[in-house]
Asks: 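Once you've had a glance at the structure underneath, I'll fire off some questions.
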Protein chains: 2
Amino acid sequence: MKEEQIFSIKETAEQTGISEDTIRYYEKIALLPRADRKDNGHRVYRQENINTIRLIACLKKTGMPLEEIRPFLVVSADADPAEYPELVEHLRSHRENIISQIASLQQVVDFIDIKLEEGRYQRDCSDESQAGVSEKTMGELKPKPVSTVEMSYFSVSAKAGNSSSSAR
Amino acid sequence: MKEEQIFSIKETAEQTGISEDTIRYYEKIALLPRADRKDNGHRVYRQENINTIRLIACLKKTGMPLEEIRPFLVVSADADPAEYPELVEHLRSHRENIISQIASLQQVVDFIDIKLEEGRYQRDCSDESQAGVSEKTMGELKPKPVSTVEMSYFSVSAKAGNSSSSAR
DNA sequence: CTATAACTTGGAGTCGACTCCAAGTCAAGG
DNA sequence: CCTTGACTTGGAGTCGACTCCAAGTTATAG
């Protein structure tokens, strides 16, 4: 089984959720290495490459700019972590960032849960269409409802866009 | 103590990490409500408003576009969750998104940890400058090192930007 | 009375990340 | 042989989110 399956750019785009144009763009800016070509010049992708693209998609989803994604790929490529202490430092600091981002996100989840809870007992008379906040896909709702990080977003006032006409 | 403390736009920018320009910009696009003005026309901000801006910053940090942030502020503003079932749906689906984003991020953290571990025993001879991955700001490192979500990024191949000269 | 500093506004410019387009190549089908 | 379709390239255009600028106002300090 030396025959590793290969994919066209179209198939790759379908599998990764990243458009063909974008994949080519990533290659152009050298975020991705130049893909191998068939004799006719068409790009070919292997599982390896698809994984890389998936990693990019994953990091991107979290709001990381492409330039910050770059070092990740270098690391994942050669599996050569500690050789460049600079890179290791980079990794550590990114780890920090991500952890704090997770905390941010968790805060937002808590915020939503509170809002959803509020709504829950505030009505409980109307139709129950699709109720049930916490028993859905995630079985990992934290036991404590509010995260440690102060959660000050509560007394937020917005009402944006409706300042009495004088805005403009 | 009816005297609630107020802040200038400069102070607000300092407190939230969002620049004055950006705060004004948010007001312009009605992401933020029009801030009250002093007699001289200068904007004033109260704790409430600062919290809103902090919430925006928090959501932004997670990669959420401003247009998606908008509905969050509406909710946080009036504390009127269940009144608009559409909005509740919005909240739920965002909650889902965020949960999956957390999972993504956790995967990346795991990925980094593995890379860092690799490096750790691969060297362990050089200087220990700032070693110690897990005993820093976060005391909540998950017990299991790899998350449930397959973690396929491992066999990634990148080496971007060094395709033998022919690229471009 | 004037200069400085902290703001105001409207609008133009920038930058990252695509997204679209035109023109060309190649392989297979009718 | 001509068309169709899946690709190629280079480059232009778009869009979101700022970021910067110029001109004007107001308050305080010298």
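Throughout, a chain's letter reflects where its sequence line sits, starting with A, and its residues are numbered from 1. Because only heavy atoms are used, hydrogens play no part in the values below, and waters and symmetry mates are left out as well, while side chains stay in.
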Asks: Rounded to whole angstrom units, what separation is found between the NZ atom of K38(A) and the P atom of dT8(D)?
Replies: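 Distance, rounded to whole Å: 9 Å.
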
Asks: Using a cut-off of 4.0 Å on non-hydrogen atoms, how would the nucleic acid contact of R24(A) be classed: base, sugar-phosphate, or nothing?
Replies: base

Asks: Can you check the F7(A) CZ to dA6(D) C1' distance for me, whole Å?
Replies: 18 Å

Asks: Do you reckon I23(A) sits in the same ILVMFWY cluster as V44(A), going by side-chain contacts under 4.5 Å, direct or chained?
Replies: no

Asks: Taking it one step at a time, do Q101(B) and N97(B) satisfy side chain to side chain donor-acceptor pair (under 3.5 Å)?
Replies: CA-CA 6 Å; Q101(B) 226 177 292; N97(B) 284 351; over 6 Å; no

Asks: Would you tell me if any nitrogen or oxygen in the side chain of S8(B) comes within less than 4.0 Å of OP1 or OP2 on dC7(C)?
Replies: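 Answer yes for this pair, as a side-chain N or O of S8(B) is under 4.0 Å from OP1 or OP2.
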
Asks: Nearest whole Å is fine: how far is dT25(D) P from R37(B) CZ?
Replies: 17 Å

Asks: Any sub-3.5 Å donor-acceptor pair from R37(A)'s side-chain atoms to A35(A)'s backbone N or O?
Replies: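 Present.
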
Asks: Output the rounded distance in Å from CG (N40(B)) to P (dT28(D)).
Replies: 9 Å

Asks: Hey, does C58(A) have a side-chain heavy atom less than 4.5 Å from the side chain of V108(B)?
Replies: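 Yes. Closest side-chain heavy atoms under 4.5 Å.
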
Asks: Hey, are the side chains of L55(B) and L73(B) touching, using non-hydrogen atoms and a 4.5 Å cut-off?
Replies: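 In contact.
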
Asks: Using a cut-off of under 3.5 Å, enumerate the N/O to N/O pairs linking the protein to nucleotides 16-20 of chain C.
Replies:
{"unit_1": "dA17(C)", "atom_1": "OP1", "unit_2": "L66(A)", "atom_2": "N", "d": "2.8"}
{"unit_1": "dC18(C)", "atom_1": "OP1", "unit_2": "K60(A)", "atom_2": "NZ", "d": "3.2"}
{"unit_1": "dC18(C)", "atom_1": "OP2", "unit_2": "Y26(A)", "atom_2": "OH", "d": "2.5"}

Asks: Specify whether F72(A) and F111(B) have parallel, tilted or perpendicular ring planes, treating 30° as the upper limit for parallel and 60° as the lower limit for perpendicular.
Replies: parallel

Asks: Please tell me if R43(B) has a side-chain N or O lying less than 4.0 Å from either OP1 or OP2 of dC7(C).
Replies: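 No, outside the criterion.
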
Asks: Figure out the CD/C1' separation between E27(B) and dT9(C), and round it to whole Å.
Replies: 11 Å

Asks: dA6(C) P sits how many Å from H42(B) NE2, rounded?
Replies: 11 Å

Asks: Using whole Å, report how far NZ of K10(B) lies from C1' of dA6(C).
Replies: 8 Å

